[in-house]
Asks: 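Submitted below is the structure of interest, expressed as C-alpha cells.
Scope of the values below: all heavy atoms of this structure, side chains included, with no hydrogens, waters or symmetry mates.
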Amino acid sequence: MGDQTVKILVVEPDESLKSTLLTVLSAGGYEVSTDSRGGMKAVLAFEPDLVILGADPPQLDCCDLLSEIKGSKQTRKIRVVMLVHGNSAERTRGLDLGADDALSLPIDPAELLSRIRNQLRGKQEVDELAERVRTASEGRKASLRVVNAVNKERRTFVAGAISVVVVLIIVGVTTLLLYHRGRAEDVRVYAAITHMQSGALSQQKLMERSHQSLASQPVSAAAISAPQPPPGAKKEDGSSTGGDQVDNTAALKSQMAKVEGRLEKLENQGHVAHTIINEYEPSVCLIHVALTFRDRASGLKLRYLEMTSAGGPTTDQANNPLLSLAGSGPEVQVDVFGTGFLASDDGQILTNHHVAEPWWQNDDMKDMLDQGLEPVIKEMTAYFPRIPHGMPITTVAISSDADVAVVKGHVAGTGLKPIALADGRGSAIGGAAVVLLGYPTGVDAILARTGSSTLQAIATSSQGDSKKVMEELARRQLIEPLVTQGHIGDVLKDKIVYDAQTTSGGSGGPLFNDQGQVIGINFAILRDFGGSNFAIPVRYARPLLKR
C-alpha cells in the first residue's frame, strides 16, 4: 500500500496466541497493535488497514465487533480475517458472518502472511478503483460545465457574425471595424473538448497526469463474491444461516456437502479466471480514437489560436485555451479510449458503438455539435498486448439495435487468436461467476503501472503527444488489460447485469462465463446501483460479423 506501513489490529483474548500473532506480523513488516480494549473505539483510534479477529465459538462476541466494522461507513473498507476453531464449516460460517477471509487454528505463519497480503491487495485495488471513478466523475462534471460555456460563447459569436454581414452591406469602413471586433470575439470561444483530453498536452502536463494516476494502481484479478445473507436469515431450503444446530444426521451431512461444494466452486472459479487470462488476454486490445472538429458550413478545422514559445496554447485569464476556426496553432484533438477484442481470424474486432463513434449519444458533445461543429476521426488504432506497434483500424459495421460495432485491422502474421463467442441465451445464468477484461481509465492506468524512470523516459521522448505515448508503450510491451471477477446479478432480454468492477475506458471489453466463452460486451457503468454494470448479450454482435 505504497510506502506507508500497513497497520494491523489483533483482537484475540488468548494471550499466547496474541503473542504469536504479534511476533509473526511484526516480522512481516507490519505495524501491529494488540490493544483492542473498547472494541470499536480501539478500531477508530488505531485506524488499521486489516483486523485479525479471534472467534470464540461459545460466545462469538467477535461477531458484534465484526458487524460494527462492516456496518460503519467509516470502517467498512477495513479487511477482516477471522481465526476459527474448526474445519471448513466454521470457516464458511465466518465468511457468512461478514469476514473477508477465515483461517482455522492452529495457524501456519506462512499461510497467514500470504492471506493477509492477498486481502491487502484486494483492499488497495477497491480503494484505488473507487478513487478513479470519483476522479472520472469530477472530470466529466467539469467538462460539462465548459461545454455549456462553449455553446453560450458560440451562440454569441453567430449572432455577432450576422450583424457583421448586415453592416458590410451598409458601410465599407464600419464593416472593417466590426469584422475585427467579431474576430476578437471568435478568438475567445472556449471549447469543452480541450478539457476532455487534448492532443496538445505538454510534457509537463503528461507527467502531472501520470503521477496523479500512480496513486491509482490498476485492478488485478480480484474476485468479488456474491452478497451473503445476514446471520439468522432463512435460506431457500428453509434452514437458518446461524440458528440452532441440526440434530438430524442426514441433514448435517447434506449441509457439510453444501459447504464443501461452495469451497470447491470458489477454487474452480479461480482456475477458470486464470485460464481465461492466459488464453485470451493477448486478444483484448486498447482502442485509441483521435477526434478533430470542423465547422459544418465552412469546412474549417477548429484550431488553437496560437502557441506560446514554451509550446503550449495561449490562454485567457481563466487559463482556458484560446480557439478559433482561423487560428494558426495545431488542430484541437480529443483522445478517446475504449476496449475491443478479436472475434475472427480476418481481423474483425468487437467493441461498442460509442467507442467507434465517441460522439454517439454523448451528452457532453451534443449541444456543441448542434451549434455547427462536426467530429472527424483523424485516426483509430488498436493496441494489442505483446504487439510492439499500433494497428490501424476502421469501422466496418454498427448495430442498429444495440451499442455494438465491428472495427477491422490487419492481423495476419501477428499470431493473435480470436476469442470464442458463446451460443444461445443459456450461456448466461443468474448468480454465475464472470470474468471481465478491459482497459478502465485508458492510458492513465497503463502509465500508472510503469516505474518513475520509465514514465520520465516516455514523457521526454513523446513530448506529451498522445500518439507517440501509445507507440512508446506498445514498443515497450507495457499494454495489457486489467482483469476483474464477479457474478451475474440478472439476465434481461437486452442486457446482462453483473458486479465485476470497471470504469470509463473499459467499454467494449469481453465478459466471460465460467466456460471461457464471451457472453456479453461491457457497455455501461451504473455507479449508483450497488456497483452493478451492464453488458450487451453477444447475440447482438453475431449478425455484424462477416464470416
Asks: Any non-hydrogen side-chain atom of Glu306 less than 4.5 Å from a side-chain atom of Tyr304?
Replies: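 No, too far: nothing below the 4.5 Å cut-off.
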Asks: Can you tell me if Ser399 uses its side chain to pair, donor with acceptor, with the backbone of Ala405 under 3.5 Å?
Replies: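 Not a single qualifying donor-acceptor pair exists.
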Asks: Return the CG to OG1 distance between Leu44 and Thr75, rounded to the nearest 0.5 Å.
Replies: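 Going from CG on Leu44 over to OG1 on Thr75, the span is 6.5 Å.
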Asks: Could you tell me whether a side-chain N or O of Ser283 sits under 3.5 Å from a main-chain N or O of Lys417, the two making a donor and an acceptor?
Replies: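 Yes; judged by distance alone, with no hydrogens or angles, the pair exists.
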Asks: Dump the intermediate steps for side-chain contact (heavy atoms from CB on, under 4.5 Å) on Leu286 and Phe337, then the final yes or no.
Replies: CA-CA 7 Å; Leu286 173 62; Phe337 294 93; 4.1 Å; yes
Asks: In chain order, what residues pass the ring pair (Phe, Tyr, Trp, His ring centres under 6.0 Å) check against His354, with sequence neighbours excluded?
Replies: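 Per chain and number, His354 pairs via ring pair (Phe, Tyr, Trp, His ring centres under 6.0 Å) with no residue.
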Asks: Within the distance-only criterion (no hydrogens, no angle test), does the side chain of Asp295 pair as donor or acceptor with the backbone N or O of Leu300 below 3.5 angstrom?
Replies: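 Side chain of Asp295 to backbone of Leu300, a donor-acceptor pair under 3.5 Å: no, none is there.
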Asks: Are any of the side-chain heavy atoms of Ile349 and Val406 separated by less than 4.5 Å?
Replies: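 SC-SC contact between Ile349 and Val406 ruled out.
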Asks: Treating Lys77 as the side-chain partner and Lys123 as the backbone partner, does any N or O pair qualify as donor plus acceptor under 3.5 Å?
Replies: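 Checking the backbone N and O of Lys123 against the side chain of Lys77, no donor-acceptor pair under 3.5 Å is found.
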Asks: With side chains defined as the heavy atoms from C-beta onward, is the minimum distance between Asn320 and Thr315 less than 4.5 Å?
Replies: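 Asn320 vs Thr315: side chains apart.
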Asks: Does any non-hydrogen side-chain atom of Val538 lie less than 4.5 Å from one of Gln517?
Replies: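 SC-SC contact between Gln517 and Val538 ruled out.
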Asks: Is there a side-chain contact between Thr484 and Glu125 in this structure, where contact means two heavy atoms from C-beta onward sitting under 4.5 Å apart?
Replies: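 Counting from C-beta outward, Thr484 and Glu125 never come under 4.5 Å.
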Asks: Any chance you could measure Leu416, atom CG, to Asp345, atom CG, to the nearest 0.5 Å?
Replies: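 Taking CG in Leu416 and CG in Asp345, the distance rounds to 10.5 Å.
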Asks: Begin with the C-alpha distance, continue with both residues' side-chain angles, and end with the deciding distance and a verdict on side-chain contact (heavy atoms from CB on, under 4.5 Å) for Arg475 and Ile458.
Replies: CA-CA 11 Å; Arg475 186 185 69 82; Ile458 293 175; over 6 Å; no
Asks: Does any part of the side chain of Met380, heavy atoms only, come nearer than 4.5 Å to the side chain of Thr395, both counted from C-beta?
Replies: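 Yes - at least one pair of side-chain heavy atoms lies under 4.5 Å apart.
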Asks: Does any non-hydrogen side-chain atom of Gln485 lie less than 4.5 Å from one of Phe512?
Replies: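 With C-beta onward as the side chain, the pair stays apart.
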Asks: Do any N or O atoms from the side chain of Tyr439 and from the backbone of Val284 form a donor-acceptor pair under 3.5 angstrom?
Replies: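 At least one qualifying donor-acceptor pair exists.
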Asks: To the nearest 0.5 Å, what is the distance between CG on Asp49 and CD on Gln119?
Replies: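 Asp49 atom CG to Gln119 atom CD measures 12.5 Å (nearest 0.5 Å).
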Asks: Under the side-chain contact (heavy atoms from CB on, under 4.5 Å) rule, what do Val126 and Arg79 come out as? Steps first, then yes or no, please.
Replies: CA-CA 11 Å; Val126 171; Arg79 292 302 173 102; 3.8 Å; yes
Asks: List the residues meeting side chain to side chain donor-acceptor pair (under 3.5 Å) with Glu374, not counting sequence neighbours, and say none if there are none.
Replies: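 Partners of Glu374 under the side chain to side chain donor-acceptor pair (under 3.5 Å) test: Arg294.
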Asks: Quick one about His288 and Asp335 (side-chain donor to acceptor, distance below 3.5 Å, no hydrogens or angles considered), yes or no?
Replies: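 Yes, a side-chain donor-acceptor pair sits under 3.5 Å.
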Asks: For Asp499, is there any backbone N or O sitting under 3.5 Å from a side-chain donor or acceptor partner on Asn533?
Replies: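 Not confirmed, Asn533 side chain does not pair with Asp499 backbone.
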Asks: Just how far is it from atom NZ of Lys467 to atom CD of Glu472, taken to the nearest 0.5 Å?
Replies: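 Interatomic distance, Lys467 NZ to Glu472 CD, rounded to 0.5 Å: 13.0 Å.
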Asks: Output the distance between atom CD1 (Ile488) and atom CG (Leu511), rounded to the nearest 0.5 Å.
Replies: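 Result: 6.5 Å between the selected atoms.
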Asks: Would you check if there is a donor-acceptor pair between the side chains of Ser462 and Asp465 at a distance under 3.5 Å?
Replies: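 Judged by distance alone, the side chains do not pair up.
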Asks: Sub-3.5 Å donor-acceptor pair from the side chain of Asn522 to the main-chain atoms of Gly509, do we have one?
Replies: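 Checked: no pair found.
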Asks: In sequence, state the C-alpha distance, the side-chain angles, and the governing distance for Lys408 and Asp346, and then conclude on salt bridge (charged side-chain N to carboxylate O under 4.0 Å, His left out).
Replies: CA-CA 8 Å; Lys408 189 173 183 179; Asp346 62 349; 3.7 Å; yes
Asks: State whether the side chain of Asp444 and the backbone N or O of Leu447 hold a donor-acceptor pair below 3.5 Å, judged by distance alone.
Replies: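 Looks like no, no N/O pair under 3.5 Å.
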Asks: Side-chain donor-acceptor pair under 3.5 Å between Tyr383 and Glu471, yes or no?
Replies: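 Yes, side-chain donor-acceptor contact under 3.5 Å.
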Asks: Between Leu305 and Leu323, is there a side-chain heavy-atom distance shorter than 4.5 Å?
Replies: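 Not in contact.
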Asks: Could you tell me whether the side chain of Asp316 and the main chain of Asn319 form a donor-acceptor pair under 3.5 Å?
Replies: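 At least one qualifying donor-acceptor pair exists.
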Asks: Take Leu50 and Leu120, measure what side-chain contact (heavy atoms from CB on, under 4.5 Å) needs, and give me the verdict at the end.
Replies: CA-CA 7 Å; Leu50 183 141; Leu120 292 173; 4.2 Å; yes
Asks: Are any side-chain N or O atoms of Asn352 and backbone N or O atoms of Gly508, one a donor and one an acceptor, separated by less than 3.5 Å?
Replies: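 Yes: the side chain of Asn352 pairs with the backbone of Gly508.
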Asks: Enter the distance from Asp494:CG to Asp403:CG here, rounded to the nearest 0.5 Å.
Replies: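 Result: 11.5 Å between the selected atoms.
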Asks: Does the Lys NZ or Arg CZ of Lys301 fall within the cation-pi geometry relative to Phe293 - under 6.0 Å from the ring centre and within 45° of the axis?
Replies: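 The answer is no, since Lys301 fails at least one limit relative to Phe293.
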Asks: Please check if the distance between the ring centroids of Phe341 and Tyr280 is under 6.0 Å.
Replies: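 Ring centroids of Phe341 and Tyr280 are no less than 6.0 Å from each other.
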